[in-house]
Amino acid sequence: MVMQLLQKTQTIVRYQNRNGNIYYGIVEDEDILQLSSNFTDIVNQDIKFDGIRVKSYDVKILEPVKPSKIINFGWTYAAHAKETGGKANLKEPFLFLKPASSLIPDQGEIVLPSRGLTNQVEMEGEVALVIGKQGKNIKEEDALDYIFGCTIFNDITARDLTKKDPQFTRGKGFDTFGPLGPCIVTGLDPTNLQIVTTLNGEVVQDGNTNQMSLSIPYLVSWVSQVMTLQPGDVLATGSPSGSCPMKSGDIVSVEVEHIGRLSNYVI
């Protein structure tokens, strides 16, 4: 069954059913409309509903995409840059990548490394952009056209390591240090979204993408001059202030307006 083109605002999830099969679906109230379309089909507006509806509580929600790369922009919020020993109001982005092995879904477990490796693991709640079409040397005025939708990212960070290493790969790259999801929402304005992070129910971060010192269109354009963006790539746009340590037994949640909540357990 061919569905109508995606509406301007649509919530899309990737999930695994009880038989172990993985699908994309469109969220409609408490139901998920199961699609036979893959991610490429969806971004190309080739939406096929296979006639099956499932309940979200009957399936396992997965990371919404399997990106070729996870691009991270650091210190895009001046207050966060200052609290972590970075540089505020940068003229050019501070760029780093995370490995695909860092990704976990909503409700997944953040596994703390041994104390012999790090003693200070912190959260960084962020809005993430999902790229919808290939782009290289994108003009800033065209940048938002390359964004398929928005999701939530938690840039888990071994802060003691990023402060002493010459680059961020080790402190950012541990397995499970990249919670992503629970969905992609299309049609949002990513330049004005509220981000609230809680640790065991207590608010620790409260910011808005309109506070970023470098604009989202600029970030997309800038990084496309360095590397070709591919459909499904994730661009994490940076974190507001309030990042703080986590310990085993904690629950960290990042909520972004119009998208939802990404919650993970620390073990």
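Excluded from the calculations below are hydrogen atoms, water molecules and symmetry mates; all remaining heavy atoms, backbone and side chain alike, are included. Nothing fancy with the numbering, it's 1 onward along the sequence.
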Subject >> Sidechain-backbone polar pair: Thr186 side chain, Gln10 backbone, donor-acceptor under 3.5 Å >> reply: yes

Original post:
Are the side chains of Leu112 and Ile267 in touch, meaning some heavy atoms are under 4.5 Å apart?
Top reply: no

Original post:
Rounded to the nearest 0.5 Å, what separation is found between the CG atom of Asp189 and the OG1 atom of Thr209?
Top reply: 7.0 Å

**OP:** Using a 4.5 Å cut-off on heavy atoms from C-beta on, say whether the side chain of Tyr24 contacts that of Ile42.
**Re:** yes

**OP:** Check whether any side-chain heavy atom of Pro105 lies under 4.5 Å from a side-chain heavy atom of Ile61, and answer yes or no.
**Re:** no

Subject >> Between OG1 on residue Thr191 and CD on residue Gln211, distance to nearest 0.5 Å >> reply: 12.5 Å

Original post:
Stepwise, does the side-chain contact (heavy atoms from CB on, under 4.5 Å) test hold for Glu126 with Tyr77?
Top reply: CA-CA 11 Å; Glu126 308 187 4; Tyr77 295 76; over 6 Å; no

Original post:
Which pair of heavy atoms, one from Arg14 and one from Glu63, lies closest together, and at what distance?
Top reply: NH1-O, 2.8 Å

Subject >> Residue pair Met246 / Ile156, side-chain heavy-atom distance below 4.5 Å >> reply: yes

Original post:
Just by distance, do the side chain of Thr197 and the backbone of Val204 share a donor-acceptor pair under 3.5 Å?
Top reply: no

Original post:
Do Ile26 and Ile47 touch side chain to side chain, with heavy atoms closer than 4.5 Å?
Top reply: yes

**OP:** Mind running side chain to side chain donor-acceptor pair (under 3.5 Å) on Asp233 and Ser68 for me, showing each step along the way?
**Re:** CA-CA 6 Å; Asp233 283 351; Ser68 74; 2.5 Å; yes

**OP:** Please name the pair of heavy atoms, one in Phe177 and one in Ala158, separated by the smallest distance, quoted to 0.1 Å.
**Re:** CE2-N, 3.9 Å

Original post:
Side chains of Asp206 and Gln194: donor-acceptor distance under 3.5 Å anywhere?
Top reply: yes

Original post:
Closest approach of Ile138 and Ser221, non-hydrogen atoms and distance?
Top reply: O-OG, 2.6 Å

Original post:
Counting N and O atoms only, with roles assigned by atom type, does the side chain of Asn19 sit under 3.5 Å from a partner on the main chain of Asn21, one being a donor and the other an acceptor?
Top reply: no

**OP:** Calculate, to the nearest 0.5 Å, the distance between atoms CD1 and CG belonging to Ile104 and Asn264 respectively.
**Re:** 4.5 Å

Original post:
What distance do Thr11 atom OG1 and Ile259 atom CD1 have between them, rounded to the nearest 0.5 Å?
Top reply: 9.0 Å

**OP:** Kindly indicate whether the side chain of Ile110, heavy atoms from C-beta on, has any atom under 4.5 Å from the side chain of Pro179.
**Re:** yes

**OP:** Verify the cluster assignment for Val196 and Leu199: are they in a single hydrophobic cluster under the rule of side-chain heavy atoms below 4.5 Å apart?
**Re:** no

**OP:** Let me see the working for Asn72 and Leu97 under side-chain contact (heavy atoms from CB on, under 4.5 Å), right down to the final yes or no.
**Re:** CA-CA 6 Å; Asn72 293 256; Leu97 300 176; 5.6 Å; no

Subject >> Ionic contact status for Asp50 with Lys48, cut-off 4.0 Å >> reply: no

Subject >> More than 12 heavy atoms from other groups under 6.0 Å of CD on Glu30 >> reply: no

Subject >> Nearest heavy atoms of Asn119 and Asp160, plus distance in Å >> reply: N-OD2, 2.8 Å

**OP:** Go through the side-chain N and O atoms of Asn137 and Ser224 and say whether any donor and acceptor fall under 3.5 Å apart.
**Re:** no

Original post:
Counting N and O atoms only, with roles assigned by atom type, does the side chain of Asn200 sit under 3.5 Å from a partner on the main chain of Ile251, one being a donor and the other an acceptor?
Top reply: yes

Subject >> Enclosure of Lys139 NZ (heavy-atom neighbours >12, cutoff 6.0 Å) >> reply: no

Original post:
With no hydrogens and no angle check, is any side-chain donor or acceptor of Asp175 less than 3.5 Å from a backbone partner on Ser102?
Top reply: no

Subject >> NZ (Lys55) with more than 12 external heavy atoms under 6.0 Å >> reply: yes

Subject >> Residue Glu202 excluded, over 12 heavy atoms near CD under 6.0 Å >> reply: no

Subject >> Verdict with reasoning, Ser37 to Asp46, per side chain to side chain donor-acceptor pair (under 3.5 Å) >> reply: CA-CA 7 Å; Ser37 309; Asp46 183 13; 5.3 Å; no

Original post:
Can you list the steps and then say if Cys150 with Leu129 is a side-chain contact (heavy atoms from CB on, under 4.5 Å)?
Top reply: CA-CA 5 Å; Cys150 299; Leu129 316 174; 4.2 Å; yes

**OP:** Apply the test side chain to side chain donor-acceptor pair (under 3.5 Å) to residues Glu122 and Ser243: give CA-CA distance (whole Å), side-chain angles for both, the deciding distance (0.1 Å), then the verdict.
**Re:** CA-CA 6 Å; Glu122 301 186 358; Ser243 178; 2.8 Å; yes

Original post:
Taking C-beta and beyond as the side chain, do Thr176 and Leu103 meet within less than 4.5 Å on heavy atoms?
Top reply: no

**OP:** Drop me the distance from Thr162's OG1 to Phe96's CZ, to the nearest 0.5 angstrom.
**Re:** 8.5 Å

Original post:
If you group Ile, Leu, Val, Met, Phe, Trp and Tyr by side-chain heavy-atom gaps below 4.5 Å, do Phe73 and Ile152 land in one group?
Top reply: yes

Original post:
For Asn44 and Asp41, what are the C-alpha separation, side-chain angles and deciding distance, and is it a side-chain contact (heavy atoms from CB on, under 4.5 Å)?
Top reply: CA-CA 5 Å; Asn44 289 324; Asp41 296 333; 5.9 Å; no

Original post:
Applying the 4.5 Å side-chain criterion to the ILVMFWY set and letting contacts propagate, would Leu219 and Ile71 be lumped into a single cluster?
Top reply: yes

Original post:
Hey, any chance Val220 and Met227 share a hydrophobic cluster, counting ILVMFWY side chains that come within less than 4.5 Å of each other, even indirectly?
Top reply: yes

**OP:** Taking all non-hydrogen atoms of both residues into account, name the closest pair between Ile32 and Ser56 and its distance.
**Re:** CD1-CA, 3.9 Å

Original post:
Can you tell me if Ser239 and Gln205 form a side-chain donor-acceptor pair at under 3.5 Å?
Top reply: yes

Original post:
Can a donor-acceptor pair be found between the side chains of Tyr15 and Gln34 at a distance below 3.5 Å?
Top reply: yes

Original post:
Are Pro240 and His80 side-chain neighbours, meaning at least one heavy-atom pair lies under 4.5 Å?
Top reply: no

Original post:
Is it true that Asp155 and Lys98 make a salt bridge, defined as a side-chain N closer than 4.0 Å to a carboxylate O?
Top reply: yes

**OP:** Run the salt-bridge test on Glu124 and Arg159 with the 4.0 Å N-O cut-off and return the result as yes or no.
**Re:** yes

**OP:** Determine, using the 4.5 Å side-chain heavy-atom cutoff (strictly less than), whether Val254 and Val185 are members of one ILVMFWY cluster.
**Re:** yes

Original post:
Does Phe39 have its ring centroid less than 6.0 Å away from the ring centroid of Phe148?
Top reply: yes

**OP:** Measure the NZ-CD distance between Lys60 and Gln16 for me, rounded to the nearest 0.5 Å.
**Re:** 6.0 Å

**OP:** Provide the closest heavy-atom pair for Thr151 versus Pro64 in the form atom of the first, atom of the second, distance.
**Re:** OG1-CG, 4.0 Å

Subject >> Asn208 and Asn210 side chains, donor-acceptor separation under 3.5 Å >> reply: yes

Subject >> Electrostatic pair Asp250-Lys247, nearest N-O below 4.0 angstrom >> reply: yes

**OP:** Report, as yes or no, whether the 6.0 Å neighbourhood of atom NZ on Lys82 holds more than 12 heavy atoms from other residues, nucleotides or ligands.
**Re:** no

